[in-house]
Amino acid sequence: GDPAGPMYLVEHGSVGVVVGGSEVARIGAGEVIGEMAVIDGGERSASCIALEPSSLIEISAEDFESLVRGHSSAALAILRTISERLRERNKAASSTQSDGPATCVDGEDATALDDAPRASVVPGAIERFAFLQDVELFAELSSQEIAKIAELATTVTRFAGESLFEQGDFGDSMYVIRSGSVSVRVNGSEVARLGSCDAIGEMALIDGLPRSASCVVVASSVLLRISANDFMLLMSVQPEISIGLMRSLSARLRKSYQA
């Protein structure tokens with residue numbers, strides 16, 4: 001609940017992250033804390049308590065902004081940190097869910113597109129741009145930055161029952177669902193069902209870790225695919241995109257702590 005302030009890099013020692021009186025994470029040497037408040041300017045979402053004598057480097061919001069704008073590798077490192085924490089939160093949340101079917105996010109009938117032809121309408125760059133403006137993951141990006149992503153995206157169509165990727169796979173691309181629905185499964189159990197405007201596979205793209213879930217098409221779907229190589233190259237030359245993604249993922253991480 002404290003107002004936004006600096007972030008910290010732990011040089012040595014360890015710090016406990018506490019939410020609602022319970023420790024939810026432990027941060028050690030080489031890791032950062034307080035980055036969400038620096039990124040989005042919001043209140044602190046957790047309390048941080050030194051668990052032993054510790055040395056930390058304080059980084060102000062201004063210094064952080066200069067750092068990530070001037071060094072794409074630093075921006076990517078922070079993105080990876082946020083992504084890894086989201087993975088941990090998602091893993092904890094999925095372990096508490098029932099094995100029953102999840103509800104489709106956008107309320108679409110799961111059979112509505114089963115007969116959709118593979119030769120679906122292929123949107124051009126302008127149409128892809130208009131669609132991507134409504135995607136939550138890209139909400140913090142400017143129109144110019146979204147236009148760059150639209151240029152990289154290709155349109156693919158997948159039938160019901162097809163797998164986009166399997167849990168444990170290397171993350172070579174991410175997807176944004178244009179229409180249809182996709183089941184997210186961890187160890188064979190469905191933990192979520194995603195629909196139009198939802199992004200899939202972005203964390204493996206950012207942090208380079210294996211896929212944390214399998215994704216199977218439930219209703220024949222049209223998706224935009226963005227390759228890892230293209231996306232990483234774009235972020236390296238336009239660090240503003242990394243900053244925008246940090247804000248979006250930071251907001252998602254905040255929600256996970258409040259759930």
Side-chain angles (χ1 to χ4, degrees), residues 39-40 68-69 72 75-76 78-80 82-83 86 90 104-108 112-113 116 118-158 162 164-165 171-184 192-208 211-213 215 217-255:
I39 291 167
D40 61 23
V68 296
R69 287 187 183 278
S72 59
L76 185 55
I78 297 296
L79 263 176
R80 285 173 174 157
I82 299 172
S83 178
L86 265 172
N90 290 344
C104 186
V105 171
D106 61 356
E108 184 173 75
L113 296 176
R118 186 167 289 274
S120 303
V121 176
V122 179
I126 293 176
E127 191 176 352
R128 291 197 297 270
F129 164 73
F131 168 71
L132 289 173
Q133 286 186 306
D134 292 328
V135 175
E136 183 180 5
L137 179 64
F138 304 133
E140 297 292 336
L141 302 186
S142 69
S143 295
Q144 292 81 1
E145 290 156 3
I146 292 175
K148 292 291 185 182
I149 294 173
E151 292 175 5
L152 299 178
T154 57
T155 302
V156 297
T157 303
R158 295 290 182 264
E162 288 189 69
L164 292 179
F165 49 78
D172 62 349
S173 60
M174 65 170 286
Y175 299 86
V176 181
I177 303 172
R178 187 171 174 82
S179 62
S181 61
V182 174
S183 172
V184 181
R193 189 168 296 188
L194 305 180
S196 180
C197 292
D198 286 324
I200 310 171
E202 71 281 5
M203 289 196 294
L205 208 72
I206 291 168
D207 60 28
R211 302 286 194 187
S212 57
C215 284
V217 175
V218 176
S220 295
S221 303
V222 178
L223 311 100
L224 298 184
R225 180 183 182 274
I226 303 169
S227 78
N229 289 340
D230 286 345
F231 197 59
M232 288 302 176
L233 179 60
L234 180 61
M235 286 198 295
S236 70
V237 298
Q238 289 202 255
E240 295 83 1
I241 292 178
S242 295
I243 295 170
L245 290 177
M246 283 180 208
R247 290 177 179 143
S248 294
L249 293 181
S250 178
R252 194 187 299 177
L253 188 56
R254 279 186 182 277
K255 290 179 182 177

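Counting begins at 1 with the first residue of the sequence.
With values rounded to the nearest 0.5 angstrom, Q133 atom CD is found 10.0 Å from S142 atom OG. Of the inter-residue distances, the one linking D198 atom CG with L223 atom CG reads 11.0 Å to the nearest 0.5 angstrom. A distance of 5.0 Å separates CD1 in I149 from CZ in F231, rounded to the nearest 0.5 Å.
In this view, E145 satisfies the salt bridge (charged side-chain N to carboxylate O under 4.0 Å, His left out) rule with no residue, not counting sequence neighbours. Here D230 pairs with L152, S227 under the side chain to side chain contact (heavy atoms under 4.5 Å, CB included) rule; sequence neighbours left out. Residues satisfying the side chain to side chain donor-acceptor pair (under 3.5 Å) test with S183, not counting sequence neighbours, are R185, E190. Here E151 pairs with nothing under the salt bridge (charged side-chain N to carboxylate O under 4.0 Å, His left out) rule; sequence neighbours left out. Here A150 pairs with R128, F129, L132 under the side chain to side chain contact (heavy atoms under 4.5 Å, CB included) rule; sequence neighbours left out.
Taking the side chain as every heavy atom from C-beta outward, F131 and S196 approach each other to under 4.5 Å. Looking at heavy atoms from C-beta onward, T155 lies out of side-chain contact with R178 at the 4.5 angstrom threshold. Between Y175 and V156, some side-chain heavy-atom pair lies under the 4.5 Å cut-off. You'll find the side chain of D172 reaches within 4.5 Å of the side chain of R225, heavy atoms only. Here the side chains of E202 and L245 are not in contact, with every heavy-atom distance at 4.5 Å or above.
The minimum heavy-atom distance linking S248 with F138 is given by the pair OG-N, 4.4 Å. The two residues G171 and A228 come nearest to each other via the heavy atoms O-CB, 3.9 Å. Closest approach of G244 and L141 over heavy atoms only: CA-CD2, 3.6 Å. Taking both residues in full, the closest heavy atoms of V182 and S221 are given as CG2-OG, 4.4 Å, listed atom of the first, atom of the second, then distance. A pairwise comparison of heavy atoms in I177 and G195 identifies CB-O, 3.4 Å as the closest pair. Here the shortest heavy-atom pairing between R211 and S173 reads NH2-O, 2.6 Å.
Among pairs with a residue in residues 131-140, those fulfilling salt bridge (charged side-chain N to carboxylate O under 4.0 Å, His left out) read E136-K255, at least two apart in sequence or across chains.
Applying the side chain to side chain contact (heavy atoms under 4.5 Å, CB included) test between L234 and each of I241, I226, N229 identifies I241 as the sole match.
In this structure, K148 does not pair ionically with E240, as no charged nitrogen and carboxylate oxygen lie closer than 4.0 Å.
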